[in-house]
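Below, chains carry the letters A, B, ... as their sequence lines are ordered, and counting in each starts from 1.
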Protein chains: 2
Amino acid sequence: MSGHHPARGRRAGERKGDLRERAILDTCETLLAEKGYDAMKVGDIAQGAGITRGALYFYFGSKQEVVAALVARTVEHLWERSRVAAETTEPRQAITAAMRRTIELWAEHGLVMRTAIDLSLTVPEIGELWSHTADLFIDAIRAVLERAGVPAGDAPHQASAMARALCWMIERTFYHASQDSPEQLQQASATCEHIWMTTAGLTA
Amino acid sequence: MSGHHPARGRRAGERKGDLRERAILDTCETLLAEKGYDAMKVGDIAQGAGITRGALYFYFGSKQEVVAALVARTVEHLWERSRVAAETTEPRQAITAAMRRTIELWAEHGLVMRTAIDLSLTVPEIGELWSHTADLFIDAIRAVLERAGVPAGDAPHQASAMARALCWMIERTFYHASQDSPEQLQQASATCEHIWMTTAGLTA
DNA sequence: GGGAAAAATAAACGCGGTGTAGATTTTCTC
DNA sequence: GAGAAAATCTACACCGCGTTTATTTTTCCC
């Protein structure tokens, strides 16, 4: 058992320490890229943020909480971006636009997204965040499929199930591609787009 | 740094300890299902296998090595099954047969396969095993696509890239479905099969 | 500018888990 | 049945996390 209640300090808007909190998350992101989750120790994060271990535990209750907060920050960003888009009605355009946006998201936040996926099992809070995010994407895909004429419903070849499968395809394909080069992301995107189109009944 | 060279004991065929080695892997598989990787401690595995921690370290150099061995054992099984099949030439039948086989594999070995995927990043040896396995599947899918008329090649809408995307779709979809019920596996399979068919240009 | 609250420091400590070492017993082999 | 190799046990050293405490510095705000 770690901490039952937050044991967090500082409540009430926008103290100075919010700066440090951001510094901690930034450092965490950097170290995650450099060494990976396991090898990254709490002391490293603190040091990188210019504080001591003790001080870090004033802001966050555990290592997992730090990473969870980092994921939350990133994921919130994803949601905003997604809310803005998704207004195109013509299916073909919608798909193309969505894939372009997906490339941007993975190019910019690939590391954190991969970390979120990896830790989904281990850290329940992160699991929640990511599965919620996935649901948003699935629903967006579902809407496009239905607009393109795929019958609505939960059965195997109806829109919901297909959208889910397509979402996992995109997630996994970009997960791998984002570990390589930006070119790989482009390639991956083109392939996913084509399969999505075909599945939607839109023969290119 | 853990252990550089194996530090393994016992070489030369079929000592008594091979029995224990199997017992260790069996216990590991059980505990993995019950508690998950992190919560499963080395002492638990040893106890389950009827020996002490120290004895376990005679057979395996680390916790990771134990799980890697378990994955290797399972994956070898997968390879055999795949070698036997994949002789159907008619694309539609080949796809249906492949999906039926995939259901069986995930129903039987879902837990270990999920573990392999989860630890691919953390444990290099497991990463190797799994990516090799994935390559086999990708190649099988590629062959079917080409037989169905999809042009060969590495470009985004040619057979190789599409096969890769389809493989990740199947992996991830089954990964999730296998955590729920056998019924979910059936559903997932039907959906994946449909998308695969469509992608291959075989309108159902 | 002075007092309260917030933010940070340093130095311990306990806990749990991994991996290692050395001694010891069992088992094979001749 | 003696010696070697295999298998096992017990005890320990290490590392990292999370906690605690006591003490200082910074910041807020009236």
Taking atom [atom2] of [N] as reference, at what distance in whole Å does atom [atom1] of [X] sit?
X: B:Gln64; N: C:dT18; atom1: CD; atom2: P; result: 11 Å
X: B:Asp38; N: D:dC17; atom1: CG; atom2: C1'; result: 14 Å
X: B:Asp44; N: C:dT18; atom1: CG; atom2: C1'; result: 13 Å
X: A:Tyr59; N: C:dT9; atom1: OH; atom2: C1'; result: 13 Å
X: A:Glu21; N: C:dA6; atom1: CD; atom2: C1'; result: 14 Å
X: A:Arg20; N: D:dT26; atom1: CZ; atom2: P; result: 11 Å
X: A:Ile51; N: D:dT26; atom1: CD1; atom2: C1'; result: 15 Å
X: B:Met40; N: C:dG17; atom1: CE; atom2: P; result: 13 Å

Looking at [options], which one has an atom nearest to any side-chain atom of [X]?
X: A:Ala55; options: C:dT9, D:dC17, D:dA6; value: C:dT9
X: B:Thr52; options: C:dA8, D:dC9, D:dA7; value: D:dC9
X: A:Lys41; options: D:dT19, D:dG16, D:dA11; value: D:dG16
X: B:Phe58; options: D:dA6, D:dG18, C:dG19; value: D:dA6

**Study point:** Residue pair B:Glu183 / B:Ser181, side-chain donor-acceptor N/O under 3.5 Å
**Key:**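 There is such a pair (donor and acceptor under 3.5 Å, judged by atom type) between the side chains of B:Glu183 and B:Ser181.
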Using only atom types and a distance under 3.5 Å, with no angle test, would you say the side chain of [X] pairs donor to acceptor with the backbone of [Y]?
X: A:Ser178; Y: A:Tyr175; result: yes
X: B:His176; Y: B:Arg172; result: yes
X: A:Gln158; Y: A:Ala155; result: yes

Check your understanding: Who passes side chain to side chain contact (heavy atoms under 4.5 Å, CB included) against A:Ser131, sequence neighbours left out?
Key -> none
Check your understanding: A:Gly50 near the nucleic acid: base, sugar-phosphate alone, or nothing, with a heavy-atom cut-off under 4.0 Å?
Key ->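 Counting heavy atoms under 4.0 Å across all strands, the contact made by A:Gly50 is with sugar-phosphate only.
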Check your understanding: Between A:Arg53 and A:Leu56, which is nearer to the 5' end of DNA chain C once each is assigned its nearest nucleotide?
Key ->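 So the residue in question is A:Leu56.
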Point to revise | Whichever of A:Gly43 and B:Gly54 has its nearest DNA chain D nucleotide further upstream toward 5' | key: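 On the 5' side of the pair lies B:Gly54.
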